[in-house]
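For reference, the structure discussed in these notes is given below.
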Amino acid sequence: MKAKEDRVKMKDKDKKAMNGTTTGGGMGTSGSMAGSSAGVMVGGAMMTPDKDIVANALGSADHTTLVTAVKAADLVPTLQGAGPFTVFAPTNAAFGKLPAGTVETLVKPENKAKLTTVLTYHVVPGRYLASDLKDGQKLTTVEGETLTVMKKGNAVMLHDTKGGMATVTIPNVVSSNGVTHVVDTVLMPAR
């Protein structure tokens with residue numbers, strides 16, 4: 001895990017440069033103001049830029065499975081770190097698409113390494129708003145493999161190394177240490 005933590009750390013000057021990033025416009029859903037400085041509604045809770053990624057996720061009724069998995073993998077301290085991070089956050093419904101028993105198996109202590117691999121595949125070092133993502137762009141995840149961005153108009157999709165595809169349903173959920181994009185499918189690394 002040390003090597004992964006080293007990959008997500010940025011130089012102080014890079015962090016300071018990222019602090020000036022604006023939240024931009026977005027592909028808001030269900031009346032939310034995606035990228036609004038006031039915050040974005042996700043899972044019945046207001047996600048605000050003054051909270052870190054974990055604090056924001058804790059409020060979302062749509063991300064209880066993800067929060068449970070992050071806790072089981074001991075990734076809370078990492079995701080509360082300075083970052084910045086870009087997190088592609090699968091909803092409970094996304095986890096529900098996995099074969100029966102997958103989540104229950106992954107959160108067992110003996111499967112912590114595999115769970116960590118899956119979760120860190122959803123995290124990219126740096127702060128990428130939807131407007132920063134370009135069609136065909138390769139993003140190297142904290143796990144070490146890549147995700148490929150696909151864009152059609154304002155729609156952002158991610159192609160994983162196993163051939164799966166996730167669509168960003170709520171973009172630009174800005175936190176104090178990065179940005180989260182809600183996705184409708186769990187992305188799977190090759191290993």
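Note: hydrogens, waters and symmetry copies are ignored here, and every other heavy atom, side chains too, is used.
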| said: Quick test of your reading: applying salt bridge (Lys or Arg N to Asp or Glu O under 4.0 Å), list the pairs with at least one residue in residues 144-161, sequence neighbours left out, ordered by first then second residue. | reply: E145-R191

| said: Can you list everything that forms a side chain to side chain contact (heavy atoms under 4.5 Å, CB included) with M150? Sequence neighbours excluded, please. | reply: D135, M157, H159, M165

| task | Taking all heavy atoms of L187 and all of L158, pick out the closest pair and write down the distance. | result | CD2-O, 3.8 Å

| With a 4.5 Å limit on heavy-atom distance, are the side chains of V142 and P125 in contact? | yes

| field | Atom of V186, atom of V118 and distance for their closest heavy-atom approach | value | CG1-CG1, 4.2 Å

| remark: Across all chains, not counting sequence neighbours, the side chain to side chain donor-acceptor pair (under 3.5 Å) partners of T148 are K138

| query | With distance as the sole test, does Y128 use its side chain to make a donor-acceptor pair with the main-chain N or O of F85 at under 3.5 Å? | reply | no

Could you pull out every donor-acceptor pair under 3.5 Å between side chains of residues 52-62 and any protein atom, sequence neighbours left out?
from: D52; atom 1: OD1; to: V54; atom 2: N; distance (Å): 2.9
from: D52; atom 1: OD1; to: A55; atom 2: N; distance (Å): 2.7
from: N56; atom 1: OD1; to: T48; atom 2: N; distance (Å): 3.0
from: N56; atom 1: ND2; to: T48; atom 2: O; distance (Å): 2.9
from: N56; atom 1: ND2; to: S175; atom 2: OG; distance (Å): 3.0
from: S60; atom 1: OG; to: D62; atom 2: N; distance (Å): 3.1
from: S60; atom 1: OG; to: H63; atom 2: N; distance (Å): 3.4
from: S60; atom 1: OG; to: H63; atom 2: ND1; distance (Å): 2.8

| task | Would you mind listing every ring pair (Phe, Tyr, Trp, His ring centres under 6.0 Å) that reaches into residues 164-191, with sequence neighbours excluded? | result | F88-H181

| T146 side chain reached by L139 side chain, heavy atoms, under 4.5 Å | no

| query | Which residue pairs pass the salt bridge (Lys or Arg N to Asp or Glu O under 4.0 Å) test when at least one of the two sits in residues 88-112, sequence neighbours left out? | reply | D74-K112

| query | Can you check whether V168 reaches V182 side chain to side chain, under 4.5 Å on heavy atoms? | reply | no

| Quick one: are V123 and T141 in side-chain contact, heavy atoms under 4.5 Å? | no

| message | The criterion is side chain to side chain donor-acceptor pair (under 3.5 Å); which residues satisfy it with T65, sequence neighbours excluded? | response | N92

| Minimum heavy-atom separation for V183 to A166, with atom names? | CB-CB, 4.0 Å

| request: Please check if the side chain of T161 supplies one atom and the backbone of A190 the other of a donor-acceptor pair under 3.5 Å. | output: yes

| Just how far is it from atom CG of L119 to atom NZ of K114, taken to the nearest 0.5 Å? | 11.0 Å

| Heavy-atom closest pair, residues V156 and A130 | CG2-CB, 4.3 Å

| Hey, what do you get for CG (L115) to OG1 (T105), rounding to the nearest 0.5 Å? | 11.0 Å

| said: Tell me every residue that passes side chain to side chain contact (heavy atoms under 4.5 Å, CB included) with T102, counting only those two or more places apart in sequence or in another chain. | reply: L98, P99, L106

| note | Heavy atoms of N177 and L79 approach each other most closely as ND2-O, 2.8 Å

| message | To check you understand the geometry: which heavy-atom pair defines the closest contact between T86 and G126, and what is its length? | response | OG1-O, 2.7 Å

| note | T68 meets the side chain to side chain donor-acceptor pair (under 3.5 Å) criterion, sequence neighbours left out, with none

